[in-house]
Every structure is written in C-alpha cells, then in structure tokens.
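One structure is given below, encoded as structure tokens.
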Amino acid sequence: MEPVLQAIYDSILNGQNKVTPEKVTQALAEGIEPGVILNEGMVVAMAEVGRLFEEGEYYVPEMLIAARAMQSGLAVLKPRLVQANFKPIARVAAGTVKGDLHDIGKNLVCMMLEGASFEIIDLGTDVSPDKFVAAVKEKGANMVCMSALLTTTMPNMKVTVEALKAAGVRDQVKVMIGGAPVTEGYAREIGADGYASDASRAVALAKSLVV
Ligand code: B1M
C-alpha cells in the first residue's frame, strides 16, 4: 500500500480526525485517484474497525471516533467525487431507515449519485416510513434510496415499501436498497426495484432504473 494510503488507514483506525483530512489532502496532491483513496485507504479501514468490534477489541466509542475521522476525510474528498451538476436525472429521497444511525455508506451513495447528476433530498438517519412517503408526495421524489446497516433495522425497508403502497405512490417511484446486511434476494422479497452492494454499483443501478 502507498505510504499515504497506509497513513489514512491508520488515522481512521486510531480515530485521528485531524490527521485523516490532512492525509487525504496529501494523497490528492500526490495524484492518487479519489476512488483509490476512498476504497483502498478509507473503506478498508472501516471494515477493519468492524472486525475489531466483532472481536471485542473495539467498543462503541472507538467505532464512533473512527467514524468521525472517516467523515472528516470524506469532507475533503467530496468535491472530487462530486462532479459539476447537469440537469438532474431524477430526484432521489435518500435515508437510513428507522432505528438506524449509520450514515457513512448512505452519505457515500448520496455523493456518488450527486456526482452522476441525480438531485438528492438527504433525509438523514432514523428515517421513518412516513418521512419517505412525505418526500415523494410533497417534494416530488421519483426515487427512494434506503440504507440499513443493522439486521434489526432492515425490516423497516419492507415497512417503508408497504407505506409507499398504502399511500398510493409506489408506482411513481423506483425503490433502491443497500447496506452491509442487505442482499439482492432481500430486495426481491420486499418488492424493491433493486439492490446495490456499493456506491458505484448504486449509481449504475440508479441510472438503469430511470431509463
Ligand atoms: Co455500528 N454496527 N453499531 N456503529 N458499525 C456495524 C454495522 C456492525 C456490523 C459492527 C459489527 O458487529 N461488526 C454491527 C451490526 C451487526 C448486525 O446488525 N448484523 C453494528 C452494531 C451492532 C452497532 C450498535 C448496535 C452497537 C451498540 O450500540 N452496541 C450501534 C447501533 C446504533 C444504531 O444505528 N441504532 C452501532 C453504532 C455505531 C456508531 C454510531 C458507533 C458508528 C456509526 C457512525 C456513523 O455512521 N455516523 C458505527 C460504525 C462506524 C460501524 C461499522 C464499524 C462501520 C460502518 C461503516 O460506516 N462502514 C460497522 C461494521 C461494518 O460495516 N463492517 C458497524 C463503511 C461504509 C462505507 O460502508 O455503510 O456498508 P457501508 O456502505 C457501503 C455499502 O453497504 C453500500 O455502499 C456503501 C459504500 O460502498 N450501501 C448502499 C450502503 N447503503 C446503501 C444504499 C444503496 C446502495 C448501496 O442504495 C440505496
């Protein structure tokens, strides 16, 4: 691994939220592609944080400070991931489902979609089915993107699809889902229009759904 990518990786693992943006800036100055910085320096670090948590070496505070370092690095990377916007391809209501506070993956998906000329209505985290419905009815969203990181909150994706149906707006929108525990099969099971395993696949899927 390039030394600067290793430094980014280490800074996230150690939750050094001042060092991470400095190192991301350095990596960009060294000409490393934003996608490489993201995937080979940052995303792998968060995966390692998850592994350490699973093994009982990290606890919630360590996860939290690692996430803060990740977010501060992403803030530097965002302008490079988001290209100049053209006419929006579609208006996307995006959020992490009810009960779930994980937002790093959802934010990445939003950034990449924004960079691909989608308009984003970012509903944040812990988003109730009613809020998704309201974004469709009141803000004219024609795509709903849901993220879930917990097996316990995944079922709220299904509840949201049901709420869209009950509100009579399911046919007006495309529903896309993702997040670590989510699968293609689950998307089919709950009647979503598609599943993507990462942010770049989410862009490809979103484009294929709107044509
Ligand atoms: Co939490 N956490 N966490 N956590 N956390 C996980 C998810 C966990 C797998 C850790 C572990 O045990 N190994 C585990 C879930 C177990 C399970 O349900 N199976 C877990 C747990 C248990 C918890 C708590 C319950 C811990 C506790 O309190 N005891 C608690 C729950 C809080 C809540 O939400 N109600 C909790 C809390 C937290 C923090 C707040 C400390 C922090 C989140 C901070 C934040 O997001 N602002 C945190 C973190 C950081 C993690 C890990 C370590 C990292 C998640 C992450 O950001 N990954 C995570 C372990 C892991 O995932 N390996 C873990 C990086 C990110 C880029 O990836 O989000 O997967 P990801 O997004 C990807 C793809 O999934 C996809 O694209 C993204 C980019 O490529 N994608 C989509 C995501 N959404 C998409 C939507 C799409 C398409 C693709 O279309 C719409």
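Only heavy atoms go into these numbers, but all of them, side chains included; no hydrogens, no water, no symmetry mates. Atoms within a ligand are numbered from 1 in the order they appear, just like the ligands themselves. Sequence positions, counted from 1, serve as the residue numbers for this chain.
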**Atoms in ligand 1 flagged as close to Leu64, the criterion being non-hydrogen separation under 4.0 Å** = 40 (C), 41 (C)
**Message:** Under a 3.5 Å distance rule, please check whether Asp100 uses its side chain to pair with a backbone N or O of Ser147 as donor and acceptor.
**Reply:** no
**Ion pair Asp130/Lys137, N-O distance below 4.0 Å** = no
**Asked** Do ligand 1 and Gly99 have nitrogen or oxygen atoms that lie under 3.5 Å from each other?
**Response** yes
**Message:** Give the atom numbers and elements of ligand 1 that come within less than 4.0 Å of a heavy atom of Met176.
**Reply:** 90 (O), 91 (C)
**Message:** Using a 4.0 Å heavy-atom cut-off, which part of Cys145 comes near ligand 1: side chain, backbone, both, or neither?
**Reply:** both
**Request:** Run the numbers for me: atoms of ligand 1, each under 4.0 Å from some heavy atom of Asp198, listed by number.
**Result:** 76 (C), 77 (O), 80 (O)
**Request:** Please work out whether any backbone atom (N, CA, C, O) or any side-chain heavy atom from C-beta onward of Thr151 is under 4.0 Å from ligand 1, and answer side chain, backbone, both or neither.
**Result:** both
**Message:** Only heavy atoms of Gln71, strictly under 4.0 Å: list the atoms of ligand 1 that pass.
**Reply:** 47 (N)
**Complete:** closest protein heavy atom to atom 74 (C) of ligand 1 is Ser197 O, 3.4 Å
**Request:** Report yes or no: does Thr20 contribute a side-chain atom to a donor-acceptor pair with the main-chain N or O of Asn17 at less than 3.5 Å?
**Result:** no
**Numbering as shown, the atoms of ligand 1 that approach Ser147 to under 4.0 Å (heavy-atom distance)** = 83 (C), 84 (N), 85 (C)
**Protein contact of atom 73 (C) of ligand 1 - nearest heavy atom, named by residue and atom, plus distance** = Gly105 CA, 4.2 Å
**Heavy atoms from other residues, nucleotides or ligands near CZ of Arg201 exceed 12 (cutoff 6.0 Å)** = no
**Request:** Could you list which atoms of ligand 1 come closer than 4.0 Å to a heavy atom of Ala67?
**Result:** 44 (C), 50 (C)
**Message:** Return the closest protein heavy atom for atom 13 (N) of ligand 1 as residue, atom name and distance.
**Reply:** Glu54 OE2, 2.8 Å
**Message:** Donor-acceptor pair, distance only, cut-off 3.5 Å: does the side chain of Arg170 make one with the backbone of Val173?
**Reply:** yes
**Prompt:** Is the closest basic N to carboxylate O distance between Glu114 and Lys78 below 4.0 Å?
**Reply:** yes
**Request:** Would you indicate whether Glu33, at its atom CD, is surrounded by more than 12 heavy atoms from other residues, nucleotides or ligands within a distance under 6.0 Å?
**Result:** no
**Prompt:** Is at least one protein non-hydrogen atom found at under 4.0 angstrom from atom 7 (C) of ligand 1?
**Reply:** yes
**Prompt:** In the protein, what heavy atom is nearest to atom 81 (N) of ligand 1, and what distance, to one decimal place, separates them?
**Reply:** Gly179 N, 3.5 Å
**Asked** Relative to ligand 1, is Pro181 under 4.0 angstrom through side chain, backbone, both or neither, heavy atoms considered?
**Response** neither
**Message:** Any heavy-atom pair between the side chains of Ile190 and Ile177 that's under 4.5 Å?
**Reply:** yes
**Item:** Close approach, Thr152 and ligand 1, non-hydrogen under 4.0 angstrom
**Value:** no
**Request:** Give the atoms of ligand 1, by number and element, whose distance to some non-hydrogen atom of Leu108 is under 4.0 Å.
**Result:** 67 (C), 79 (C)
**Prompt:** Side chain, backbone, both or neither: which part of Thr153 has a heavy atom under 4.0 Å from ligand 1?
**Reply:** neither
**Request:** State yes or no: do Val109 and Met154 share one hydrophobic cluster built from I, L, V, M, F, W and Y residues joined by side-chain heavy-atom distances below 4.5 Å, directly or via other members?
**Result:** no
**Prompt:** Considering only the protein, which heavy-atom contact is closest to atom 65 (C) of ligand 1, and what is its distance?
**Reply:** Met46 CB, 3.7 Å
**Request:** Identify, by atom number and element, the atoms of ligand 1 in contact range of Ala199, meaning under 4.0 Å from any of its heavy atoms.
**Result:** 77 (O), 79 (C), 80 (O)
**Item:** Check: Thr96 side chain, His102 main-chain N or O, donor-acceptor pair, under 3.5 Å
**Value:** yes
**Prompt:** Quick check: does Arg51 get an N/O under 3.5 Å from an N/O on ligand 1?
**Reply:** no
**Prompt:** Among pairs that include at least one residue of residues 45-60, which meet salt bridge (Lys or Arg N to Asp or Glu O under 4.0 Å), considering only residues two or more places apart or in two chains?
**Reply:** Glu48-Arg51, Arg51-Glu55
**Complete:** for atom 89 (C) of ligand 1, nearest protein heavy atom and its distance come out as Ala196 O, 3.2 Å
**Prompt:** Which pair of non-hydrogen atoms, one from Gly41 and one from Ala45, has the smallest distance, and what is that distance?
**Reply:** O-CB, 3.6 Å
**Asked** Is the backbone of Leu13 close enough, under 3.5 Å, to the side chain of Tyr58 for a donor and an acceptor to pair up by distance?
**Response** yes
**Prompt:** Excluding waters, which protein N, O or S atoms are within less than 2.8 Å of atom 1 (Co) of ligand 1?
**Reply:** His102 NE2
**Item:** atom 50 (C) of ligand 1 touched by protein (heavy atom, under 4.0 Å)
**Value:** yes
**Request:** Among Met157, Lys158, Lys106, find the residue that satisfies the side chain to side chain contact (heavy atoms under 4.5 Å, CB included) test when tested with Val97.
**Result:** Met157
**Message:** Applying side chain to side chain contact (heavy atoms under 4.5 Å, CB included) to Leu5 and Val36, what does each step give before you reach the verdict?
**Reply:** CA-CA 9 Å; Leu5 293 181; Val36 171; 4.0 Å; yes
**Prompt:** Would you say Asp193 and Leu205 make side-chain contact, with heavy atoms under 4.5 Å?
**Reply:** no
**Protein contact of atom 34 (O) of ligand 1 - nearest heavy atom, named by residue and atom, plus distance** = Leu101 N, 2.7 Å
**Item:** Any donor-acceptor pair under 3.5 Å from Asp126 side chain to Leu101 backbone
**Value:** no
**Item:** Nearest atoms (heavy-atom pairs only) where Thr153 meets Ala148
**Value:** OG1-CB, 3.9 Å
**Under-4.0 Å protein heavy-atom contact, atom 24 (C) of ligand 1** = no
**Request:** Could you tell me whether atom 91 (C) of ligand 1 has a protein heavy atom closer than 4.0 Å?
**Result:** yes
**Message:** Let me check something: do Met70 and Ile37 share a hydrophobic cluster, defined by ILVMFWY side-chain heavy atoms less than 4.5 Å apart, either directly or through other members?
**Reply:** yes
**Message:** I need the nearest protein heavy-atom contact for atom 46 (O) of ligand 1: residue, atom name and distance, please.
**Reply:** Asp103 N, 2.8 Å
